[in-house]
2 protein chains.
Amino acid sequence: MTTGSSPSGTDSPTAPSESRRARRHDATRAEILDAAWQIVRRDGLTGLSLRDLAAQVGMRAPSLYSYFGSKHEIYDAMFRQGYQQMLLGSPELPEDTTEETLVAFAHEAALRFFDFCVAEPARHQLLFLRTIPGFEPSPESYRVAVEAYDRTVGGLRRFPQVSDADLDLWTAALTGMVSQQLANDPGGTRWRDQVPRVVEMLLAETLGTSQP
Amino acid sequence: MTTGSSPSGTDSPTAPSESRRARRHDATRAEILDAAWQIVRRDGLTGLSLRDLAAQVGMRAPSLYSYFGSKHEIYDAMFRQGYQQMLLGSPELPEDTTEETLVAFAHEAALRFFDFCVAEPARHQLLFLRTIPGFEPSPESYRVAVEAYDRTVGGLRRFPQVSDADLDLWTAALTGMVSQQLANDPGGTRWRDQVPRVVEMLLAETLGTSQP
DNA sequence: CGGAAATCCTAACGCTGTTCGGGCCTGGTG
DNA sequence: CACCAGGCCCGAACAGCGTTAGGATTTCCG
């Protein structure tokens, strides 16, 4: 429609059906996901119903099954999108492993991760809390999640001063701060203000135990 | 049944119906709650259905409404019970505020709290994660929750060395450790083993900032 | 142009929490 | 003791949920 009719010279013969129809399909899929995020932001993660979602894009509920195999598949696509957004906002991986670089990277990564989580509570709930009864991310989506994790908190693993046990402490402390912030002071900064302090504390512990 | 028939001399005339009928009612309520805990342990917190629960106690679903106004009222009663169990296992509140007492109390309270949480994941989910869509504890149940909290982690507030900001760190770190343990190593001790280390770290931070 | 595939619909299934109405049975009272 | 109000329990049903079946309609490709 937009670019008119194109001859069959641009698409390769091995994948001829990768045009027109498939493009429209993907566009509708994206439109459904956008509507889903909108509903989820308004009504909460579990407030999403297929009839509402279908109505939002001018359909009835069964038509959604042309684009997603189930409601959980929609959640799975949103899960993957969420971690891709996290990947986008992740800090640059450090080049050297000096202590100054470690300190700077730790502060940067921690605060970015914290802000990413509290920016959208519904997304945080989907990505980090297992709150949807039967939902478990697909292997492909889980792969994206691991990659995003490695780029942020997991980036500390590049430093030989940081052990795996240390990393467990970092993730537990940071996710704990986020959960408390969202549960007890949503929209505020009561826990966020203490993130630098927590990072300093964790750095002292991490560096203190590795080279006494 | 157990003590035979009692004359009308023991109950006051202002509350005459506080026997027999009401006692049976409370007993059935307790039986329903016990069955609910059993189902929840087996099928998860959200796996509880009123028809299943009713069948477990030899009833049909509508009969449950003679004992609880709604499913959320059942969750609320379980919520209160859960925090009463937490209250039962809480450590003795310290008498003095010396540093040795603080250190000992912190280690004791932290480990007890951790073990209490991981002992029953469904209970932890009900008490600490807000995972049931429309559920919010009633004011009376919330009162019990606050009391239980004050007896454990909140007991640190008795020490003048511990500020409110410090307390936020304690709760965030501990609940974070618990969540990581349950999510990534259920039944294991990967995070539990680090609880003493976290306590020492928090103690160092708390004591270090209050009296430099 | 013909046929296949994708899309969208209505209807319906089984499940959920919840309400209604009516039987039954029992405890307190005249 | 007889009575009857009230608590208890149940079958039926309602609205909502995710999901499926089957039939139209549209759209694209050979």
Side-chain angles (χ1 to χ4, degrees), chain A residues 1-13 15-29 31-32 36 39 43-76 132-135, chain B residues 1 4-29 31-32 36 39-40 43-76 132-135:
Chain A
M1 266 291 186
T2 56
T3 56
S5 63
S6 66
S8 59
T10 54
D11 47 357
S12 70
S17 65
E18 200 50 59
S19 262
R20 205 68 34 92
R21 200 71 166 245
R23 207 139 33 171
R24 182 101 204 122
H25 188 86
D26 290 353
T28 308
R29 252 182 81 104
E31 186 185 353
I32 291 171
I39 293 175
D43 301 339
L45 192 60
T46 57
L48 180 68
S49 92
L50 292 190
R51 283 170 177 84
D52 283 355
L53 175 57
Q56 186 104 350
V57 296
M59 290 181 181
R60 307 301 164 87
S63 303
L64 296 175
Y65 284 81
S66 296
Y67 303 93
F68 297 94
S70 67
K71 191 185 184 183
H72 281 177
E73 263 192 30
I74 298 180
Y75 279 132
D76 189 68
I132 299 168
F135 171 69
Chain B
M1 264 292 185
S5 62
S6 64
S8 60
T10 53
D11 47 357
S12 69
T14 57
S17 64
E18 200 50 59
S19 261
R20 205 66 36 91
R21 203 72 166 245
R23 207 140 33 172
R24 183 97 205 124
H25 189 85
D26 290 353
T28 308
R29 252 182 83 104
E31 187 186 352
I32 291 171
I39 293 176
V40 148
D43 302 338
L45 192 60
T46 57
L48 179 68
S49 91
L50 293 190
R51 282 171 177 81
D52 283 354
L53 175 57
Q56 186 104 348
V57 295
M59 291 181 182
R60 307 301 164 87
S63 304
L64 295 176
Y65 285 80
S66 296
Y67 302 95
F68 297 95
S70 68
K71 190 185 185 183
H72 280 177
E73 263 191 31
I74 298 180
Y75 279 131
D76 189 68
I132 299 168
F135 172 68

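Each chain gets a letter, A, B and so on, in the order its sequence line appears, and its residues count up from 1. Just so we're clear, the structure is a prediction, and the values are computed from it rather than from any experiment. Just the heavy atoms: all of them, side chains too, but no hydrogens, waters or symmetry mates, feed the values below.
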Could you tell me the separation between the [atom1] atom of [X] and the [atom2] atom of [Y], rounded to the nearest 0.5 Å?
| X | Y | atom1 | atom2 | answer |
| --- | --- | --- | --- | --- |
| A/D76 | A/K71 | CG | NZ | 14.5 Å |
| A/L64 | A/R29 | CG | CZ | 11.5 Å |
| A/I32 | A/F68 | CD1 | CZ | 5.5 Å |
| B/L53 | B/I39 | CG | CD1 | 5.0 Å |

Examine [N]: is either OP1 or OP2 under 4.0 Å from a nitrogen or oxygen in the side chain of [X]? Give yes or no.
| X | N | answer |
| --- | --- | --- |
| A/S49 | D/dC17 | yes |
| B/S63 | D/dC10 | yes |
| A/H25 | C/dA6 | no |
| B/Y67 | D/dC9 | yes |
| B/R21 | C/dG28 | no |

Whole-Å distance between [N] [atom2] and [X] [atom1]?
| X | N | atom1 | atom2 | result |
| --- | --- | --- | --- | --- |
| A/M59 | C/dC9 | CE | C1' | 12 Å |
| B/D76 | C/dG17 | CG | P | 17 Å |
| B/L50 | C/dT18 | CG | P | 6 Å |
| B/D26 | D/dC8 | CG | P | 10 Å |
| A/L64 | C/dA6 | CG | P | 18 Å |
| B/R24 | D/dG7 | CZ | C1' | 13 Å |
| B/Y75 | C/dT16 | OH | P | 12 Å |
| A/K71 | D/dC17 | NZ | C1' | 8 Å |

Exercise for the section: Give A/L48 one of three labels, base, sugar-phosphate or nothing, depending on what nucleic acid heavy atoms sit under 4.0 Å from its own. Expected result: sugar-phosphate
Exercise for the section: Mind checking A/S70 for me? I need base, sugar-phosphate or nothing, with any heavy atom below 4.0 Å counting as a touch. Expected result: sugar-phosphate
Problem - Nearest to side-chain heavy atoms of B/P62, which nucleotide of D/dT19, C/dG17, C/dC20 - result: C/dC20
Fill in the blank from the handout: Checking D/dT19, C/dT7, C/dT18 against the side chain of B/Y65 (C-beta onward), the nearest is C/dT18
Protein-nucleotides 21-23 of chain C N/O pairs closer than 3.5 Å?
none

Practice task
Using modelled atom types only, decide if a donor and an acceptor are shared between the side chain of B/Y75 and the backbone of B/S70 within a distance under 3.5 Å.
Solution key: no
Practice task
Without swapping roles, check the side chain of A/E73 against the backbone of A/G69 for a donor-acceptor pair under 3.5 Å.
Solution key: yes
Exercise for the section: Could you tell me whether the side chain of A/M59 reaches within less than 4.5 Å of the side chain of A/T28, counting heavy atoms only? Expected result: yes
Problem - Min side-chain heavy-atom separation B/T46-A/I132 under 4.5 Å - result: no
Exercise for the section: Could you tell me whether the side chain of B/R51 has a donor or acceptor atom within less than 3.5 Å of a complementary atom in the base of C/dG17? Expected result: yes
